[in-house]
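Notes follow the structure.
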Number of protein chains: 2
Amino acid sequence: MAFNKKEEFSAKEQSLAAFTKAISHPARIAILNVLAKKNECICGEIVDVLPLAQSTVSQHLKELKMAGLINGTVDGPRSCYCINWKAFEKFNSDFNSLFEKLKEVNAKCC
Amino acid sequence: MAFNKKEEFSAKEQSLAAFTKAISHPARIAILNVLAKKNECICGEIVDVLPLAQSTVSQHLKELKMAGLINGTVDGPRSCYCINWKAFEKFNSDFNSLFEKLKEVNAKCC
DNA sequence: AAGTATTATCGTATATTTGCGATAATAGAT
DNA sequence: ATCTATTATCGCAAATATACGATAATACTT
């Protein structure tokens, strides 16, 4: 049991799900919020702001990076992150193409 | 370990995370897509479309309902679901208030 | 060369999610 | 009253996610 059936869905569905999964934890939303507020890329400042251990924050950053939501480069002994806005634009576009258009057409039914 | 630290984040962060968590699985996105396309509320038609067992689909529907993304009413021996567009509007608004505004201000940095 | 500060990774424990089959619950049809 | 079709729930197994401390890796400073 618990076979992974995710591959059986469309690429768009998988892509959308991967994006939303990446931001499905308050810590990662908080990280993105910090990155969005400060145009400058940040590193361990995030650790100071979040109520989590350094290793945990690093793990969340890794997930965001692997999902393509943020960019990260090494800058000496520290790491610099910033939001990948293109990924957000793609999400907005995909999300709207699935739901937004139909909003007006649909009335509540039950 | 694995203490639940979610409560330590802001209400808005938690609310956003709850919404995105609900749509963080391709099956649930597929369900929402079906509901969006057919204005009529659907029930077991979803089971026919998805590559999952009936009990699994029912579980996904329950999650979507509990997260407030869909409404469901019992209609005889079958259940009728439809999208709660207000929840989607709230999500769009919250999401944009966190990120959208800052798009133009921010340039890529790393 | 040794020390320091910052960040990433490893190992581990626990919690949650995902998925199914079996079974219960519901209400219409016979 | 019994059968049938539809949906929800239960119980379980496996996979993933969450979190931490300890440790490794990196590069600057002394």
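None of the values given here were measured: they were computed from a predicted structure. Each chain gets a letter, A, B and so on, in the order its sequence line appears, and its residues count up from 1.
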Going by heavy atoms in the side chains, are [X] and [Y] under 4.5 Å from each other?
X      : Y      : result
H60(A) : E63(A) : yes
H25(A) : K21(B) : no
L16(A) : F9(A)  : no
L64(B) : L32(B) : yes
V34(B) : Y81(B) : no

For this session: Check whether the side chain of Q54(B) and the base of dA8(D) form a donor-acceptor pair under 3.5 Å.
Result: yes
Just the rounded figure in Å: distance from [atom2] of [N] to [atom1] of [X].
X      : N       : atom1 : atom2 : answer
Q59(B) : dC12(D) : CD    : C1'   : 12 Å
D48(B) : dA5(D)  : CG    : C1'   : 13 Å
E7(A)  : dA15(D) : CD    : C1'   : 13 Å
I31(A) : dA19(D) : CD1   : C1'   : 13 Å
L50(A) : dT18(D) : CG    : P     : 14 Å
N4(A)  : dT18(C) : CG    : C1'   : 9 Å
K62(B) : dT7(D)  : NZ    : C1'   : 13 Å
L52(A) : dT7(C)  : CG    : C1'   : 16 Å

Exercise. Looking at I23(A), I83(A), I31(A), N84(A), which hits side-chain contact (heavy atoms from CB on, under 4.5 Å) with L69(A)?
Worked result: I23(A)
For this session: Do nucleotides 24-30 of chain D as a string where each nucleotide becomes B, S or -: B if the base has a protein heavy atom under 4.0 Å, S if just the sugar-phosphate does, - if no protein is that close.
Result: ---S---
Exercise. Want to settle it: does S55(A) or R28(A) sit nearer the 5' end of DNA chain D, counting the closest nucleotide to each?
Worked result: R28(A)
For this session: Identify, between E45(B) and K6(B), the residue whose nearest nucleotide on DNA chain D lies closer to the 5' end.
Result: E45(B)
Problem set entry | Nearest-nucleotide pick for C43(A), side chain only, options being dT7(D), dT7(C), dC20(D) | dT7(C)
For this session: Measure from the side chain of K5(B), starting at C-beta and using heavy atoms only, and say which of dT9(D), dC20(D), dT7(C) lies closest.
Result: dC20(D)
If only side-chain N and O atoms of [X] are considered, is one of them under 4.0 Å from the OP1 or OP2 phosphate oxygen of [N]?
X      : N       : value
H60(B) : dT17(C) : no
Y81(A) : dT6(C)  : no
K21(B) : dT17(C) : yes
T56(B) : dC20(C) : yes

For this session: Evaluate the criterion ring pair (Phe, Tyr, Trp, His ring centres under 6.0 Å) for residue pair F95(B) and F95(A); output intermediate values, then yes/no.
Result: CA-CA 12 Å; F95(B) 185 78; F95(A) 185 79; 8.0 Å; no
Problem set entry | V47(A) or A27(B), whichever maps to the more 5' nucleotide of DNA chain C | V47(A)
For this session: Remember a base hit wins even if backbone is also touched, and classify L61(B) as base, sugar-phosphate or nothing at under 4.0 Å, heavy atoms.
Result: nothing
Exercise. Which part of the nucleic acid does E63(A) contact within heavy-atom distance under 4.0 Å: base, sugar-phosphate only, or nothing?
Worked result: sugar-phosphate
Problem set entry | Parallel, tilted or perpendicular, as decided by the 30° and 60° cut-offs, for the rings of F88(A) and F19(A) | perpendicular
